[in-house]
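In what follows, a single structure is set out as structure tokens and then discussed.
Just so you know, these numbers use all the heavy atoms, side chains as well, and skip hydrogens, waters and symmetry mates. Just so we're on the same page: letters track the sequence lines, and every chain starts at 1.
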Amino acid sequence: MTVRTRFAPSPTGMLHIGGVRTALFEILLAHRHAGQALLRIDDTDRERLVPGAIQALIEDLRWVGLHFDEGPTAEEITKADGPPKDGVGIGGPLGPYVQSLRVDRYKEISEKLISLGAAYRCDCTPERLAQEREEQTARKEQVGYSGYCRDRNVNASLPHVVRFRIPEERQIILDDKVKGEVRWEKIILRDPVLLKTDGFPTYHLATVVDDHDMLISHVLRADEWLSTAPLHLLLFEALGWPAPIFGHLPPVLGTDGKKLSKRHGATFLSAFREDGYLPEAILNFLALIGWSPGEGEEQEIFSMAELTQRFSLERVNNAGGVFNYDKLKWMNGMYIRTLQPADLAQRLKPFLAAAGLNVDDGKLERITPHIQQRLELLPDAVPLVDFLFKDEIDRDMPAMLKKGMDAVKARELCRQCADALAAVQHFDESAIEAALRLVAEASGAQAGPVFTVVRIAVTGKKVTPPLFESIYSLGQEQTVARLRQTVSLLG
RNA sequence: GGCGCUAUCGUCUAAGGGUUAGGACGAAGCCCUCUCAAGGCUUAAAUACGGGUUCGAAUCCCGUUAGCGCUACCA
């Protein structure tokens with residue numbers, strides 16, 4: 001059997017980080033078994049539809065490095081949400097992959113269900129339903145549709161919905177690949193709506209039809225769908241279609257144990273991008289919420305290739321997991337350290353520019369290897385390198401004149417260092433170090449305090465990348481100028 | 001309320017009847033060191049509770065408690 005999975009987000013807003021994990025698992029599972037993962041747009045809720053959301057969804061997925069084997073074509077995206085920015089879609093043999101473009105198919109199946117006696121038309125008004133619910137609540141009954149229209153043979157020409165006839169006394173057993181066996185002795189769902197008055201299907205109908213039509217073998221989805229799984233099973237059964245294998249994924253939680261939301265921090269993928277997280281780190285981190293390699297494995301850093309090779313549904317946890325921002329940051333730092341310096345420099349540039357810095361490629365290239373182990377997030381680079389890209393710097397003089405260092409001594413040190421550095425022939429890290437150490441030694445002071453003076457004189461602050469490398473990156477001329485400027489400042 | 005899911009350090013998790021209950025993040029300390037980091041070493045920190053089953057339970061079963069989800073013409 002070919003393993004085929006699908007990620008079916010709703011274009012009702014930005015892509016949530018929990019959704020990213022679902023998408024990750026879909027891709028991991030499919031590719032683990034040399035199958036296909038597809039992207040399907042679930043835009044059946046016309047009221048909550050957000051213009052531009054499909055575009056954003058696809059862009060986010062692409063940025064984070066989640067690539068699907070089948071999905072909406074550029075034409076399909078255009079029809080549903082306007083032309084894609086880069087004009088590129090995904091495509092595939094079983095489209096369209098946008099549900100609003102498949103309404104005829106849902107209509108056809110719902111008619112089939114009606115003729116089979118498994119579904120019926122219902123013209124109950126929202127008011128009537130509300131009243132029913134009120135009465136049920138008052139009588140402390142189970143709330144839900146009464147089944148009033150079950151045998152009324154509502155005329156198809158009237159505005160109506162189509163409801164599924166939930167069979168009485170049916171026991172349902174779901175062999176969930178994550179949760180294990182789940183049983184329902186009786187079904188509490190009360191004749192749910194399949195097709196809405198506006199002609200669009202509800203999730204239940206659309207997902208069953210599409211999963212069948214698109215030859216989906218494994219349905220991986222959030223935990224919250226578990227309660228409605230019996231309906232889907234019943235639907236497959238009524239249609240005489242084999243049901244796919246299900247796996248209900250545990251939720252991604254906030255620190256308080258509730259579903260991750262804005263209150264806890266960034267939740268949309270785009271926010272993580274803006275905060276300076278690396279796609280590689282995000283994916284790796286997400287994989288470890290709800291999944292682990294097991295077998296005593298202690299490795300935690302996994303590439304997509306490794307994850308693909310190791311992933312299995314059996315190792316997916318069934319308890320929810322808290323999204324730990326601290327650990328993500330740590331992991332992001334780990335990934336930043338493995339980047340080629342040139343690559344890192346490129347990723348840094350947008351953030352430096354956003355901070356208003358006029359980036360000089362040569363300087364950035366020289367300093368990058370030295371800030372690499374000092375970053376957790378990309379924007380962390382800003383305060384570390386901004387001294388390189390400013391004409392004028394503010395100096396933290398109080399920090400310079402601490403622990404027995406007075407203005408007179410500091411002034412003399414700066415003067416001597418300026419002279420020494422100005423005299424250096426081959427201006428590189430080791431020559432700079434030699435020159436500065438010589439000055440420090442001659443002054444009779446400890447090297448540390450001397451370097452602090454120079455550090456602040458040249459960069460303005462007490463925390464910087466390593467001194468000699470910072471000076472080398474800045475260049476001889478500017479360094480000497482800044483030292484002399486400090487001399488006059490102290491005079 | 002009903003139905004369902006879940007329960008190991010603060011957090012992510014390992015250990016699928018027999019371990020001093022392991023690792024990672026975070027925290028603390030030490031080493032290294034021109035600041036800050038990175039790195040190395042070390043420490044504190046957990047089987048929700050109660051019953052069974054068993055020679056033996058974190059692990060299997062039942063119950064309790066707690067948390068979460070669903071209970072829409074939303075997904």
Candidates B:A7, B:U35, B:A75 - which lies nearest the side chain of A:N318: B:A7
Return yes if a side-chain donor-acceptor contact under 3.5 Å exists between A:E127 and A:Q131, otherwise no. no
Under 3.5 Å, which protein N or O atoms sit close to an N or O of nucleotides 19-26 of chain B? Give each pair with its distance.
from, atom 1, to, atom 2, distance (Å)
B:G22, O2', A:E298, OE2, 3.0
B:G23, O4', A:E298, OE2, 3.1
B:A24, O4', A:E300, OE1, 2.9
B:A24, O2', A:E300, OE1, 2.4
B:A24, O2', A:K327, NZ, 3.3
B:A24, N3, A:K327, NZ, 3.2
B:C25, O2', A:K327, N, 3.2

Looking at RNA chain B, which of residues 259-267 of chain A put a heavy atom within less than 4.0 Å of it? none
Taking 4.0 angstrom as the limit, do A:K409 and A:E412 come out as a salt bridge? no
Taking the basic N atoms (NZ, or NE/NH1/NH2) and the acidic carboxylate oxygens, is any pair closer than 4.0 Å for A:R374 and A:D380? no
For A:R190, report the nucleic acid contact type (base, sugar-phosphate, nothing); a contact means any heavy atom under 4.0 Å. nothing
Nearest to the side chain of A:T228 - B:C5, B:G4, B:C70? B:C70
Under a 3.5 Å cut-off for both distances, is B:A24 Watson-Crick or wobble paired, and to whom? B:U11
Going by purine N1 to pyrimidine N3 plus the second Watson-Crick contact, or the G-U wobble pair, all under 3.5 Å, which nucleotide sits opposite B:C49? B:G63
Whom does B:G18 pair with, Watson-Crick or G-U wobble, provided both distances fall under 3.5 Å? B:C55
Considering only B:U6, B:C74, B:C73, which nucleotide approaches the side chain of A:R48 most closely? B:C74
Let me know, please, whether A:F451 or A:A319 comes out on the 5' side of the other along RNA chain B by nearest nucleotide. A:A319
Any strand: nucleotide that pairs with B:A44 via Watson-Crick or wobble, under 3.5 Å: none
Here the distance between atom C1' of B:C36 and atom CG of A:D380, to the nearest Å, is 12 Å
Hey, does the side chain of A:D198 reach the backbone of A:R46 with a donor-acceptor pair shorter than 3.5 angstrom? no
Taking NZ, NE, NH1 and NH2 as the nitrogens, is one of them in A:E306 or A:R310 under 4.0 Å from a carboxylate oxygen of the other? no
Tell whether A:S227 reaches the base of B:C3 with its side chain through a donor-acceptor pair below 3.5 angstrom. no
Quick one: is B:A75 close enough that its OP1 or OP2 comes under 4.0 Å of any side-chain N or O from A:T44? yes
How far does the C1' atom of B:G50 sit from the matching atom of B:A27, given to the nearest Å? 34 Å
Proximal nucleotide (of B:G39, B:G69, B:C36) relative to the A:V463 side chain: B:C36
Would you say A:K196 reaches B:C74's phosphate, i.e. side-chain N/O to OP1/OP2 under 4.0 Å? yes
So what's B:G2 paired with, Watson-Crick or G-U wobble, going by both distances under 3.5 Å? B:C70
Closer than 4.0 angstrom, basic N to acidic O: yes or no for A:D394 and A:K461? no
Does a nitrogen or oxygen in the side chain of A:R315 sit under 4.0 Å from OP1 or OP2 of B:A14? yes
When we call it a touch if two heavy atoms are under 4.0 Å apart, what does A:W184 touch: a base, just sugar-phosphate, or nothing? sugar-phosphate
Just the rounded figure in Å: distance from P of B:U33 to CZ of A:R374. 15 Å
Nearest to the side chain of A:K258, which nucleotide is it out of B:A75, B:U11, B:C68? B:C68
Tell me which nucleotide among B:G4, B:A37, B:U6 gets nearest to the side chain of A:K179. B:U6
Nearest to side-chain heavy atoms of A:S292, which nucleotide of B:A75, B:C34, B:A14: B:A14
Using a cut-off of less than 4.0 Å, is there contact between a side-chain N or O of A:N317 and OP1 or OP2 of B:A7? no
Paired to B:G39 by Watson-Crick or G-U wobble criteria (both distances under 3.5 Å) is B:C31
